Amino acid sequence: MRVRDLPLSAAVIDHFESRGIEELYPPQAAAVEAGVCEGRRLVAAVPTASGKTFVATLAMLTADGPGLYIVPLRALAREKYETFSALPGVSVGISTGDFDERATELGDHDIVVATSEKVDSAIRNGADWIADLACVVVDEVHLVGSEGRGPTLEVTLATLGRRAPGVQIVALSATVANPDELADWLDAGLVQSTWRPVDLRTGVYAAGRVGFDSEASKTPRAAGDDGTERDVSVPGDPADATDATDALVTEAVDDGGQALAFVRSRREAETLAERLAAADLGSSPEVADEIRGLDGTETGRRLADCVEGGVAFHHAGLRSAHRVAVERAFRDRELKAICATPTLAAGVNVPARRVVVRDQKRYTGSGMEWLPTLEVHQMCGRAGRPHLDPYGEAVLVGDETTRDELWERYVEAGPERVDSKLADPNALRTHVLSVVASDFAASREGVLDVLDATFFAHGTPTSELGGVVDTAIADLVEMGMIVDEDGLAATDLGAQVSRQYVTPETGARVVDGLRTATGMATVTGLTALEIVCDTPDMQDTYLGNRERADMYQFAQDHADEFTTRMGETEDFEGWLTAVKTARVLYEWTEGASAEDLVERFRIGPGDLESRIERAEWLLGAADAIASVVDADAAVPFRERRARL
DNA sequence: AGCGCCCCAATCTAGACAGCATGTC
DNA sequence: CTAGATTGGGGCGCT
């Protein structure tokens, strides 16, 4: 099937053909046969980089009206925004928390790219552009199975069907065990394929040898490759995972390729990058200068030093500007290798010839746990750059004792199932409130009726949700966010909480803080920050053992400014970490430099950045909540927010 | 006394979405 | 319930 035979404008066909895209990939052709161009709903469960974006483009351009492209990450939103903007004669808008356009203008575009939470928020607040949508593409739908954000996605898709009846839904999924159930739920056709534009070989390394899967026999082999097993010369100890990783990365780079190494922790990513950079895999002085120019942070300097040697590290402790610079430089082949934590597994397109997964376990608070198959598959899926590499190679580093288990778990095993997490009481409380506050339902039955369109209800009779919904309603009534007389209705507080997009628990914490503050003699900026940081919507900041005593002292010194009495908390540890976050942000608003804070509180520059951003949102929300709460305390939320 | 090394024990551990309404150099 | 890398300090021996 050829691009020129598709029902697209001549300009768009030229656009694709000028980029060498003439023939459809098999999964794309299957999508066309399944009717993507005729408004048919579709679930496409195919590997990354097998042309999902093209299928999405087809659906949105052939739909009879505007299209919405939902992504899970801001970085992805930006990437897709740029991709779609390159299409001739297509107007594209973007809506994420950090980059927003006026809602009225969003309706003017042919395509809008947005994060799932932003769409949820738009639906809750009755944005009118939602009702006009003809096509909605959901990227990474398998995330409905993720604990925190999955319920939001499924409720969004369920309510979207109400606001825009008859929309074409095109859901793009990683390969999972039960894509048919997703398709059933969305009343969509299913296209399933494992086809990739570049072959992928997955192998397990142990004791100086890599054993590859049977895919290898289908591909032309590198010189010296004698079959499905290959020796790797490891300078150092072949039994040492880091020495082996070093050798595997170096080998790929010497061979003219690029490599991606995945490790467990941030620190290990940095250590490995420094080690590889010391061996000088290449040099990128311009990129190093670019990174050095971003900030005067210790982390930034170390990153720039590594980049001098052609290697970068990548994790969430980096500022987003650092991450963007590293990703761009790697894509433009100005870097030879990236050592990363799992940040890079999902997200923006950063393909490499070889992927080395050194660590397959992760600390979870109660010990080490194997990474989910899907996550490791996503890491491995980064191997193979179309048009640049003859094939992609992914190597899991193990030893004789783990070889077989790695093989079974990640090479042979199929992917995991996706299952709804909506039954979680916290998730349900949030969504029951939003359904009531946005007038989707005015009774218990109404709520159940809305939830009937969720993935959860598809697998389980809604009656099973009845009990959990009842407790959610009771909780919300007790929190003063809903009244249950003669039907359900949101109170002013409940409406504000839903509109501000904070969880009911956050709203309750703010209300509680305001009440306590009313009786306090000293209410300061620190008070405002303490309330907001003690909220479940604020991410907590790691409190090291060595800092604990100092933080305890700080908490005591400022006890009269806090809405929490030190002796009366159930979760003192949790509160103390909130105090740390509040203290960092307080110093920031009082003029401390990022360099100073990062050093003194042992946090990454990216951690500081994200906390500032979040505090900005939460202080604004707290201020809005304060305006509907009957409390006289003047907590300076707005003043602190202005200082951020 | 000063320095270097080794061993044991303490320390530490991935990621990341979201509001709203204007004045402003 | 399920770990493993890194760091820091103390002790010890050598010069």
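Lettering of chains follows the sequences in order, A, B, ..., and the numbering in each one begins at 1. As the structure is a computational prediction, the values presented were derived from the model and not from experiment.
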Interatomic distance where [atom1] belongs to [X] and [atom2] belongs to [N] [whole Å]:
X	N	atom1	atom2	answer
E547(A)	dC12(B)	CD	C1'	12 Å
R319(A)	dA16(B)	CZ	C1'	17 Å
R264(A)	dG15(B)	CZ	P	13 Å
R266(A)	dT6(C)	CZ	P	17 Å
R358(A)	dA5(C)	CZ	C1'	8 Å
L143(A)	dG15(B)	CG	C1'	12 Å
K361(A)	dA3(C)	NZ	P	8 Å

By the 4.0 Å heavy-atom rule, please label G544(A) as base, sugar-phosphate, or nothing.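 G544(A): backbone/sugar contact only, no base atoms under 4.0 Å.
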Quick check on contacts: within residues 337-345 of chain A, what sits under 4.0 Å from DNA chain B by heavy-atom distance?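 T341(A), T343(A) - these, ordered by number, are the residues of the stretch whose heavy atoms sit under 4.0 Å from the strand.
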Out of dA14(B), dT6(C), dC12(B), which nucleotide sits closest to the side chain of T271(A)?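 Looking only at heavy atoms from C-beta outward on T271(A), the closest nucleotide is dT6(C).
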Picking from dA5(C), dT13(B), dG15(B), the nucleotide nearest the side-chain atoms of S265(A) would be dT13(B)
Is there a side-chain polar atom (N or O) of Y363(A) under 4.0 Å from OP1 or OP2 of dC12(B)?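 No.
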Does a side-chain N or O from R611(A) land closer than 4.0 Å to OP1 or OP2 of dA16(B), or not? no
Does the side chain of [X] come under 3.5 Å of the side chain of [Y] through a donor N or O and an acceptor N or O?
X	Y	answer
T401(A)	D399(A)	yes
T299(A)	T297(A)	no
Y501(A)	D120(A)	yes

So which protein nitrogen or oxygen atoms get under 3.5 Å of nucleotides 6-10 of chain B's nitrogens or oxygens?
none

Please verify the inter-ring angle class for Y69(A) with F84(A); under 30° counts as parallel, over 60° as perpendicular, anything in between as tilted. perpendicular
Look at the aromatic rings of F313(A) and H315(A) and report parallel, tilted or perpendicular, splitting at 30° and 60°. parallel
Is the cationic atom of R583(A) (NZ for Lys, CZ for Arg) positioned less than 6.0 Å from the six-membered ring centroid of F601(A) and within 45 degrees of its normal?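 No, cation not above the ring by the 6.0 Å, 45° rule.
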I need a per-nucleotide contact map over nucleotides 17-25 of chain B, read 5' to 3'. Cutoff is protein heavy atoms under 4.0 Å; write B for the base, S for backbone only, - otherwise. BBBB-B---
Are any side-chain N or O atoms of W588(A) and backbone N or O atoms of R643(A), one a donor and one an acceptor, separated by less than 3.5 Å? no
Contacts of S420(A) that satisfy side chain to side chain contact (heavy atoms under 4.5 Å, CB included) - sequence neighbours left out: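 S420(A): side chain to side chain contact (heavy atoms under 4.5 Å, CB included) contacts with E154(A), L422(A), F455(A), F456(A).
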List in chain and number order the residues that pass side chain to side chain contact (heavy atoms under 4.5 Å, CB included) with R275(A), two or more places apart in sequence or in another chain; answer none if no residue qualifies. T242(A), D243(A), D246(A)
Just to be sure I follow the notation: if a pair is Watson-Crick (purine N1 to pyrimidine N3 plus N6-O4 or O6-N4) or a G-U wobble (N1-O2 and O6-N3), each under 3.5 Å, what dot-bracket string does DNA chain B give, with | for pairs to another strand? |||||||||||||............
With rounding to the closest Å, how many angstrom separate the P atoms on dT6(C) and dA14(B)?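 After rounding to an integer number of Å, I get 13 Å for this pair.
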Could you say whether G367(A) or R267(A) is positioned toward the 5' end of DNA chain C, judged by the nucleotide with the nearest heavy atom to each? G367(A)
Note: for E268(A) and R546(A) on DNA chain C, the residue whose nearest nucleotide lies more 5' is E268(A)
